[in-house]
Every structure is written in structure tokens, then in C-alpha cells.
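Here the structure is a predicted model, which means the values were calculated and not measured.
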Amino acid sequence: MSVLDLINEPNDIKKLSQEQMPKLAEEIRTFLVEHVAKTGGHLASNLGAVELTMALHLVLNFPEDKLIWDVGHQSYTHKILTGRKDGFDHLRQLGGMSGFPKRTESDCDCFDTGHSSTSISAGLGMARARDLKGETYSVASVIGDGAMTGGLAYEALNNAADLKTNFIIVLNYNNMSIY
């Protein structure tokens with residue numbers, strides 16, 4: 001049995017040993033290449049975010065915690081780790097699984113997004129709403145260096161600096177931004 005076969009629902013990654021993690025990353029990459037070759041989709045951005053996504057899934061609890069992807073086409077590993085492997089047979093096809101986070105697709109997708117420099121703003125709003133409601137879940141926003149070219153990202157960073165609460169911002173810097 002492959003390690004990836006042990007991932008069938010959110011938080012299953014937490015049941016794996018540290019020794020299984022490199023094998024899981026390798027199997028996820030193989031899975032992505034095989035499926036995206038058949039259906040089309042965003043390959044490179046997902047291959048580059050496998051370990052990042054695995055790490056976030058090890059520390060966050062889904063669907064309670066909120067993970068906002070700025071570059072929504074980096075979310076394929078997130079979809080796999082939240083029990084949606086079978087959906088990849090119809091990725092980006094009519095009636096199939098979306099190539100981006102989709103709230104109607106899973107409770108683990110808290111924000112519909114493509115690529116628009118909005119993850120920090122959305123996360124800021126979710127963190128503020130959480131605090132106002134007296135809740136305690138975590139909020140994490142992932143933004144790529146390409147999305148940092150949008151002014152909205154900088155405005156959100158300025159506002160987040162004053163928040164003084166549990167709000168995680170991850171910059172996925174891969175030196176691929178077009179300036």
C-alpha cells in the first residue's frame with residue numbers, strides 16, 4: 001500500500017510518521033503529474049507547493065482552521081490532503097472538480113479564489129470576524145511572490161500589522177514573480 005492510500009479525509013496526514021513524509025511528497029508529485037497530464041491543469045505551481053501544503057496540514061486542523069490560497073492553482077495538494085483524490089479524474093472538466101479552491105466543493109475550502117492578491121485581505125477579515133465572535137480557530141493565508149505585485153496585498157499587510165492576534169501569513173517565495 002502506498003502512503004497516499006492512507007490519505008482519505010482531512011487530517012489523515014497527522015496519522016503518518018515523520019519517516020513517511022518524504023514518500024508522501026513523492027507520491028503526491030507522481031499523482032499530480034499523472035492526473036494533470038490527462039485532464040490538464042496547473043502543474044508547476046502545485047509541484048512547488050507540496051511540502052509547504054503538507055506542513056500547513058500538519059499544524060492546522062481542517063475544516064475548523066481556515067487556509068486561504070492566494071494563488072488558487074496551488075491548491076491541488078490541499079485538495080488531496082482533504083480527501084478529494086478521486087475528484088482528480090475529472091479535474092477542470094464540466095461537472096468535475098475545480099482547479100481552484102471552491103467552498104461548494106469542500107468545507108476545507110473557506111475562500112473561492114484564483115489569482116488576485118487577496119489572500120491576506122480575506123484572511124485578515126476572517127481573523128477579525130473570528131475574534132469578534134470569540135472563536136479560537138487559526139487562519140493562515142498563503143501568498144506567492146507573483147501575487148505580491150498587487151497593491152491590495154501591501155494594503156492588507158499594513159492592516160495585519162496592527163491586528164495583534166493569531167493570523168499566519170506565508171509568503172511562498174519561488175523567485176517567479178514577473179516585475
How long is the span from the CD1 atom in Ile143 to the OG atom in Ser117, to the nearest 0.5 Å?
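One finds 5.5 Å between CD1 of Ile143 and OG of Ser117.
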Spacing of Ser98 atom OG and His90 atom NE2 [to the nearest 0.5 Å]
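These two atoms lie 15.0 Å from each other.
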Of all residues at least two apart in sequence or in a different chain, which pass the side-chain contact (heavy atoms from CB on, under 4.5 Å) check with [X]?
X     : value
Thr30 : Glu34
His42 : Ser45, Asn46, His73, Tyr76, Arg92, Phe100
Ser17 : Glu19, Gln20

Could you walk me through whether Thr82 and Ile7 pass the side chain to side chain contact (heavy atoms under 4.5 Å, CB included) check?
CA-CA 8 Å; Thr82 54; Ile7 305 294; over 6 Å; no
Check against side chain to side chain contact (heavy atoms under 4.5 Å, CB included), Ile80 and Thr53
CA-CA 10 Å; Ile80 291 168; Thr53 308; over 6 Å; no
Quick one: ring-ring contact (aromatic ring centres under 6.0 Å, His included) partners of Phe62, sequence neighbours excluded?
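By the ring-ring contact (aromatic ring centres under 6.0 Å, His included) rule, Phe62 matches His57, His78.
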Same cluster or not: [X] versus [Y], using hydrophobic residues (I, L, V, M, F, W, Y) connected whenever any side-chain heavy atoms lie under 4.5 Å apart?
X      : Y     : answer
Leu52  : Leu16 : no
Val170 : Leu47 : no
Val33  : Val36 : yes
Trp69  : Met97 : no
Ile68  : Met54 : no

Could you tell me whether the side chain of [Y] reaches within less than 4.5 Å of the side chain of [X], counting heavy atoms only?
X      : Y      : answer
Leu81  : Ile28  : yes
Phe167 : Ser138 : no
Asn11  : Leu60  : no

Any donor and acceptor pair, going by atom type alone, linking the side chain of Gln93 with main-chain N or O of Thr39 inside 3.5 Å?
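It does not hold such a pair.
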Tell me the salt bridge (Lys or Arg N to Asp or Glu O under 4.0 Å) pairs involving residues 71-89, sequence neighbours left out?
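Non-adjacent pairs meeting salt bridge (Lys or Arg N to Asp or Glu O under 4.0 Å): Lys79-Glu105, Arg84-Glu105, Arg84-Asp109.
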Sequence neighbours excluded, every pair satisfying salt bridge (Lys or Arg N to Asp or Glu O under 4.0 Å) that has a member inside residues 40-65
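Sorted result for residues 40-65: Arg29-Glu51.
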Contacts of [X] that satisfy side chain to side chain donor-acceptor pair (under 3.5 Å) - sequence neighbours left out:
X      : answer
Asp5   : Ser2
Ser119 : Asp70
Lys15  : Asp12
Lys164 : none

Return each pair, listed once, that meets ring-ring contact (aromatic ring centres under 6.0 Å, His included) where at least one residue sits in residues 3-31; pairs must be two or more places apart or across chains.
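Passing the test, one end in residues 3-31: Phe31-His35, Phe31-Phe88.
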Mark yes when over 12 heavy atoms from residues, nucleotides or ligands other than Gln18 sit less than 6.0 Å from its CD; otherwise mark no.
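Counting neighbours around CD of Gln18, 12 or fewer heavy atoms of other residues, nucleotides or ligands fall under 6.0 Å, so no.
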Closest heavy-atom contact between Arg103 and Asp112?
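In terms of heavy atoms, the two residues are closest at N-OD1, 2.7 Å.
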At their closest point, which heavy atom of Pro101 faces which heavy atom of Ser75, and how far apart are they?
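So the minimum-distance heavy-atom pair works out to CD-OG, 3.5 Å.
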Which donor-acceptor pairs under 3.5 Å do side chains of residues 120-133 form with protein atoms, sequence neighbours excluded?
from   : atom 1 : to     : atom 2 : distance (Å)
Arg130 : NH1    : Tyr137 : O      : 2.9
Arg130 : NH1    : Asn166 : O      : 2.8
Arg130 : NH2    : Thr165 : OG1    : 3.1
Arg130 : NH2    : Asn166 : O      : 3.0
Asp131 : OD1    : Thr165 : OG1    : 3.4
Asp131 : OD2    : Thr165 : OG1    : 2.9

So Val59 and Lys14, side chain to side chain contact (heavy atoms under 4.5 Å, CB included) or not? Walk me through it.
CA-CA 9 Å; Val59 299; Lys14 295 176 184 191; over 6 Å; no
Quick one, Leu24 with Val50, criterion side chain to side chain contact (heavy atoms under 4.5 Å, CB included). Give me CA distance, side-chain angles, the key distance, then yes/no.
CA-CA 9 Å; Leu24 177 61; Val50 172; over 6 Å; no
